[in-house]
Structures are given as C-alpha cells and as structure tokens.
Amino acid sequence: SFEGEELGRLFNYSLESVKNLIYDKEDTGVIAGHPWFQSFWARDSFWTVLGLVDAGYFELSEDILTNFAEKGLPGKINLDGEDEYDEFPRSDTVPLFIIAANKLKRHFRTNDIIEEAKEEAIDTLSLDDNLVNHASGGTWMDTLERENAVDIQSLWLKAAELEDLEIREKLESGLEKFEKEDYMKDSLGENSAETINPAIPLMYSHIDTQKASGYLEKINGEFLSRFGARTRSMADPGYESSGYHKGSTWGLTTCWAAAANLSYGKEKTGKTILKKLNQFLDRGQLGALPEVVDSEKGYLMGCSEQAWSAGMALHVIDSYLLGINVKKSGEVVIDPCADLNCLRTGKRIRDQELDIKVSDGEVEILNDPDIKIELRGE
C-alpha cells in the first residue's frame, strides 16, 4: 500500500481498478477497459504489467505474459469465443513485451515460455540506416500512419539497454535523427506533427540533459491541459481537443509526461502532472481512471476505466516518484523525490517484502528484508 499526500489515494484506487479488469475465466489477462474494450490487447497489457510488477502482482504478471507468449505475441486476444487474431501490426508490442518481461525477471522470475518468446521477439528487430523498420499503422496511435515513429525507436532502445544488446549503439544513433533544436520529430515521414510521443525517450532518459530541458519546457507549456497531457501540442495546426490521437488527453500520456519530468529532476512538475489524475477518481466510474477525455472540457470520450491509465499510475509512483529500481545484480536502489512524504509498505522484491518511510526525501527502511539496498539522494 501507499500512504501519504494526494497520491496515496491514486495508487490504492489504481491497484483496485487494475484488479477489476483482470479476467481469468479461461485465459488470464487484463482487458483494456470497461465497458468497450473487453479483450486482451497486447500493448495495453504490457504497459499495465509494468505497474502490476511494481505493485507486487508477480504471479499474475507471469500469467499475462505467458498467455501472450504461448500464442506467438498476437496484437490482441479475443475473449468472445473467436480465435485470437493478429491483424493489428505489433510495432510497439514486441519491444514492450521485452521490457515487461525484463522487469518481471528482475523482481521475481520468468519461465521458459516467456524467455523463448523474448528471444524470438529480439530477433524480429530490423534496422535501416539505424532506424527501426515497422508498420506505419502499428503504433499506439493506430488511427494514424506514422513512418519511423519516435516512440518505436525509443522502446526498442530501452529493450536493448535492458537486454545488453550490441545493437544498442545503432538504436541510439537512429534516435538522434528525431532530435530538433526545440523538440523532437514525432516521425520521419512527411508532415510530422508535434505529439506527446517524445515523452517516451524522455521517460527513459534517452536525451542529454541540455536538450531534454528544452523539450520538457515544450511539453509542460503546450501539451498540458487541466486534465493531463494532450496527445498533440495545442500550437500544432492539426490540434483538436477532442481528436482521439490529435489533441485529446489520455491517462497514458499523462503518466508519460509525469515520468519524463521526474526522470530529469523536475520533481514538482512531475508530481503536479500525476496529481491531475486524482480528479477522475470521484467522477464517471468511481475509483477508476478514464482512457481519454476532451482536453478543453474534460468530458469522457472513451472507456471510463482503462487498464493502462491505472497500471502506469502505479508504475510512475513506484519507479519514478519513489525511485525504486531493481538492478540486474539484484540490488535495489531507492532514490525518491526530495520533498516526498509517504509510507510504502509491502513492496515485494522476489520473496521479500520491503517497508519504506520517506520524509522530505529521506528514506527509512522499517523492516529488515534480505535485500541489498542502496539509498541515494541523502
């Protein structure tokens, strides 16, 4: 559990919401959202698993990843009696699977099925001039054609970093092609819009500090609404406050923007962005975070309870706000925000539990787990 500040409520309600979206009548998985998306979507599931692992739901996370691995990593698994199908391109789901599986392995374990699927997923990576080859319609913005998308390049770079792949340097070189003086290109195709997607390389600290400062200034000035982070800059000619991928505000993008700020030490801004999600806990579906809302008026445009909104809220709180990171060596690094005051109890790391108290950024370990811990920022 998480206690303290406004974010304690966000953490605990988000955990209950994700659990509400778990279906296990036949296969085990997390549906994308109530009431419209009652199937297991791969990208939704893998973003959500990051939060489930942070929240200590290891066995459930293993079941979710195994289910997709056994079926060859389809873009979607239907639950209505039809065969699962994969007509949706998997441009982001393949690296996301690798990232989620790696996180689970560091915290707990993975099985042979997941590891084999992970190796096969790595083998699908194809580069052209250091840029990831991918289906232009295969990103999370699946209503748009996006050739050589910045989020796909960054997700593969993160996967390569976690798996210590030699191709990492080429992916880094490819990501540099997206960089501009004031912001990053969304894609390298024609008519690239200014979107929130550069928040992903920022979230993963893929941009040098000087450039990142300017990019974050752009995000915090042109993308933030009263309700979170817009998908498209309000200064972009194609901006529409109710445009599904052209300007509306998502729980997912809000979490990306919060994590991006926290990654570069903009702690007050990161917390403020994350706290924008709290307003939704008492409206619409109580205790749930929505999929997407109009950026100007805040009315609901999609599901009233979305898995990746809640899952990513859990992930940002534990991995970015508290700064809990399980290294490949097994060591646990804790580096919370400087002004954070909270109590985080029952944090699972392998077969141990960790109870943490943070007072103005100072960490106190309340129990005596058999874990090597490094405290930073003291």
Side-chain angles (χ1 to χ4, degrees), residues 1-20 47-61 100 103-108 203 251 254-256 258-263 265-278 281 287 289 308-327 329-378:
S1 66
F2 186 102
E3 300 176 21
E5 303 194 5
E6 300 172 47
L7 294 173
R9 192 161 177 259
L10 176 64
F11 184 95
N12 296 317
Y13 273 113
S14 292
L15 179 54
E16 292 304 312
S17 178
V18 174
K19 289 160 62 177
N20 189 45
W47 281 117
T48 304
V49 162
L50 298 179
L52 283 172
V53 172
D54 275 328
Y57 284 75
F58 300 155
E59 294 83 2
L60 173 59
S61 298
K103 186 175 181 69
L104 177 61
K105 188 173 185 178
R106 292 180 187 227
H107 282 74
F108 182 54
M203 176 174 69
T254 301
C255 289
W256 289 347
N261 277 275
L262 292 169
S263 289
K266 295 184 179 296
E267 298 176 352
K268 183 177 180 180
T269 303
K271 286 173 63 178
T272 298
I273 294 171
L274 201 57
K275 287 177 180 179
K276 289 177 181 287
L277 295 174
N278 275 351
L281 298 175
L289 298 178
W308 63 16
S309 300
M312 283 298 290
L314 298 171
H315 179 53
V316 175
I317 289 172
D318 257 22
S319 289
Y320 291 86
L321 194 70
L322 277 164
I324 302 174
N325 181 21
V326 181
K327 297 292 187 178
S329 63
E331 180 183 26
V332 177
V333 176
I334 307 176
D335 186 13
C337 289
D339 62 347
L340 184 64
N341 293 278
C342 68
L343 183 66
R344 175 71 169 95
T345 58
K347 172 70 178 181
R348 289 184 68 191
I349 310 288
R350 296 179 291 279
D351 60 350
Q352 303 287 307
E353 288 194 0
L354 184 60
D355 296 335
I356 307 166
K357 182 179 181 181
V358 182
S359 303
D360 292 326
E362 297 289 327
V363 180
E364 179 184 358
I365 308 301
L366 301 180
N367 59 342
D368 188 26
D370 185 19
I371 304 171
K372 184 179 180 181
I373 301 172
E374 177 186 347
L375 304 182
R376 294 183 181 173
E378 296 189 339

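Along the sequence shown, residues carry numbers from 1.
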| field | Residues in side-chain hydrogen bond (donor to acceptor under 3.5 Å, both in side chains) contact with N367, at least two apart in sequence or another chain | value | none
| said: Test your reading of the model: is there a side-chain donor-acceptor pair from H107 to the backbone of K103, 3.5 Å cut-off? | reply: yes
| message | If you apply the rule side-chain contact (heavy atoms from CB on, under 4.5 Å), what do you find for L314 with F2, and how did you get there? | response | CA-CA 10 Å; L314 298 171; F2 186 102; over 6 Å; no
| said: Between R350 and I371, does the side-chain contact (heavy atoms from CB on, under 4.5 Å) criterion hold? Intermediate values first, please. | reply: CA-CA 9 Å; R350 296 179 291 279; I371 304 171; 4.1 Å; yes
| Can you check whether D339 reaches K271 side chain to side chain, under 4.5 Å on heavy atoms? | yes
| message | As an exercise, state the distance from CG of L60 to CG of L52, rounded to the nearest 0.5 Å. | response | 5.5 Å
| Would you find a donor on one side and an acceptor on the other, under 3.5 Å apart, between the side chain of D355 and the backbone of G346? | yes
| remark: Sequence neighbours excluded, the answer for side-chain hydrogen bond (donor to acceptor under 3.5 Å, both in side chains) partners of T345 is S1
| query | Salt bridge between D318 and R344, side-chain N to carboxylate O under 4.0 Å? | reply | yes
| field | Check against side-chain contact (heavy atoms from CB on, under 4.5 Å), N341 and D360 | value | CA-CA 5 Å; N341 293 278; D360 292 326; 3.2 Å; yes
| A338 backbone acceptor or donor facing E267 side chain under 3.5 Å | yes
| For I324 and D54, what are the C-alpha separation, side-chain angles and deciding distance, and is it a side-chain contact (heavy atoms from CB on, under 4.5 Å)? | CA-CA 9 Å; I324 302 174; D54 275 328; 5.9 Å; no
| query | Any donor-acceptor pair under 3.5 Å linking the side chain of S17 with the backbone of Y13? | reply | no
| said: Rounded at 0.5 Å granularity, tell me how far CD1 in I365 sits from CG in L354. | reply: 5.0 Å
| task | Using the test side-chain hydrogen bond (donor to acceptor under 3.5 Å, both in side chains), find all partners of E3 that sit at least two apart in sequence or belong to another chain. | result | none
| Pairwise side-chain contact, Y320 with L274, heavy-atom cut-off 4.5 Å (strictly under) | no
| message | Could you measure the distance from the CG atom of L281 to the CG atom of L289? Nearest 0.5 Å is fine. | response | 5.5 Å
| Candidate pair W256 and W47, rule ring pair (Phe, Tyr, Trp, His ring centres under 6.0 Å), full reasoning | CA-CA 11 Å; W256 289 347; W47 281 117; 5.5 Å; yes
